[in-house]
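Here the structure is laid out as structure tokens; the discussion comes afterwards.
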Protein chains: 2
Amino acid sequence: MPQIIIADDHPMVRGALALAVESAFDQPEILECAHLAGVTQLLESIGAADLLLLDLRMPGVDGFEGLVRIRSQFPATPVVVISALEDPRLVREALALGAMGFIPKSTPRAEIVAALSLVAAGGTYRPDDLALAEPAPDPKGQAADDDFLQRVLTLTPQQRRVLQLLGTGKLNKEIAYDLDIAETTVKAHVSSILHKLRVYSRTQAVVMAGRLHLDSFADVAEG
Amino acid sequence: MPQIIIADDHPMVRGALALAVESAFDQPEILECAHLAGVTQLLESIGAADLLLLDLRMPGVDGFEGLVRIRSQFPATPVVVISALEDPRLVREALALGAMGFIPKSTPRAEIVAALSLVAAGGTYRPDDLALAEPAPDPKGQAADDDFLQRVLTLTPQQRRVLQLLGTGKLNKEIAYDLDIAETTVKAHVSSILHKLRVYSRTQAVVMAGRLHLDSFADVAEG
DNA sequence: GTGCCAATTGTACTTTGGTACAAGGGTAGT
DNA sequence: ACTACCCTTGTACCAAAGTACAATTGGCAC
């Protein structure tokens, strides 16, 4: 009897997802959470779930922070990210951070079911149209940014988690606590990250990385 | 014979501004630049101009960096910021950084002329409708951000310039060079900034401050 | 003038941040 | 078995960041 956790602060969304889960699994035990703390508690009590459907934005979560935390604390639990947005960059980022799938809320029910089955079978899912459409190059001047993006993609999963926490302004000590590793290890990761991104301070790394998430909206432009 | 510098990378815009300048001043000497380096060179050779119309985005400038540099290197030259955007936050920020005015490119010619005259007379200009409309509170959840904004507003002008450069990931040493002050002084400013913003590292300050500029677009939302 | 404050700088000190080098354990592929 | 890579940690060291205290200058207001 598979245990599936649905974490979303919107009851309606939880309901819709629950239906999909019931279609995709055989007699699932569905556990619902409205906030991240609940997810953590649940996972601590049951050890690991067979699947976690995690909304990107919830009380206590903003962006990928929740994903990062869950993935590092409970690596055994596969996570599928649920989101209202479907920016290719977000999709890539989520998968890079260890998510097994990315399901936009606009996805038709039938496809959600298929996606969940796919993940349950060990696959990874992302919206079809975006899957290959993403490498479409912008004629504009985002060459430099794409260079940087390429470098970000050379980071290892753990390094991405560290970068993610760097982006919240945390100290090495805090990052170490969050990921439950030694501060020395964090330093090693940070050092490696700085080299790979070709910057010379954590602040620069944060500034550069921050832009990647903004560029989606930056076309509101200027001139 | 007043010397006015028009700095914008777009020839058409320079032309339009030149017309306005000719209406607002008596026999002005108009100097045009397409990039920031040209402005610096010009100012170095003539010492100071009577007015500088500075576009926010130009080759060599991204955001307020150019304004900050010019203001610190040539404090005697009054600067009016030209921009395609007119986000109230940008307006406030520009004025806080020492600009004597903020003119959106959508402003009608007649009003541009009036604005330039106003600044020439020692006043400061900003778009009317925004002037008082800005304090309109968003019902959403940007309470925390506004708290932070309040704190940013307690920073002194020089401290804002430092914060601006912090946001580019620069080291204290580099900031000192850019503003032509001692590194010790930069440290003093940074220390003060961290206290006022109630954060405990430059990286956090950058992260928080960075959000202020994004919130304008953040309503593309999530959920 | 007196007082307030921004800005500047210095000295001295503590804490973070970051690098370099070395090393053990785990996993996956050849 | 061997290689390669990731993750982990430690030690040691140097640079950058931040704090605390003290002092000078200059502008502005009362």
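Note on naming: letters A, B, ... go to the chains in the order of the sequence lines (proteins, then strands), and numbering restarts at 1 for each one.
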Any A:Thr185 side-chain N or O less than 4.0 Å from OP1/OP2 of D:dC7: no

A:Leu51 to A:Val80 - nearest heavy-atom pair and separation: CD1-CG2, 3.9 Å

Nearest heavy-atom neighbours spanning A:Ser201 and B:Gly169: OG-O, 3.8 Å

Nearest-nucleotide comparison on DNA chain C, the residue closer to the 5′ end among B:Ser201 and B:Asp180: B:Asp180

Without decimals, in angstroms, what is the distance between [X] [atom1] and [N] [atom2]?
X: B:Glu174; N: D:dA15; atom1: CD; atom2: C1'; answer: 13 Å
X: A:Gln159; N: D:dC7; atom1: CD; atom2: P; answer: 6 Å
X: A:Arg161; N: D:dC6; atom1: CZ; atom2: C1'; answer: 11 Å
X: B:Lys187; N: D:dA16; atom1: NZ; atom2: C1'; answer: 7 Å
X: A:Asn172; N: D:dG18; atom1: CG; atom2: C1'; answer: 15 Å
X: B:Arg202; N: D:dT19; atom1: CZ; atom2: P; answer: 11 Å

5' precedence on DNA chain D between A:Thr184 and A:Lys196 (nearest-nucleotide basis): A:Lys196

Whether the side chain of [X] engages the backbone of [Y] through a donor-acceptor N/O pair (distance < 3.5 Å, no angle test) should be reported.
X: A:Ser117; Y: A:Val113; answer: yes
X: A:Asp55; Y: A:Ala7; answer: no
X: B:Glu174; Y: B:Leu171; answer: yes

Chain B footprint on DNA chain C, 5' to 3' - any atom under 4.0 Å from a heavy atom: C:dA6 to C:dT11

Candidates D:dT8, D:dT19, D:dT9 - which lies nearest the side chain of B:Leu194: D:dT19

B:Leu116 side chain near B:Leu17 side chain, heavy-atom distance below 4.5 Å: no

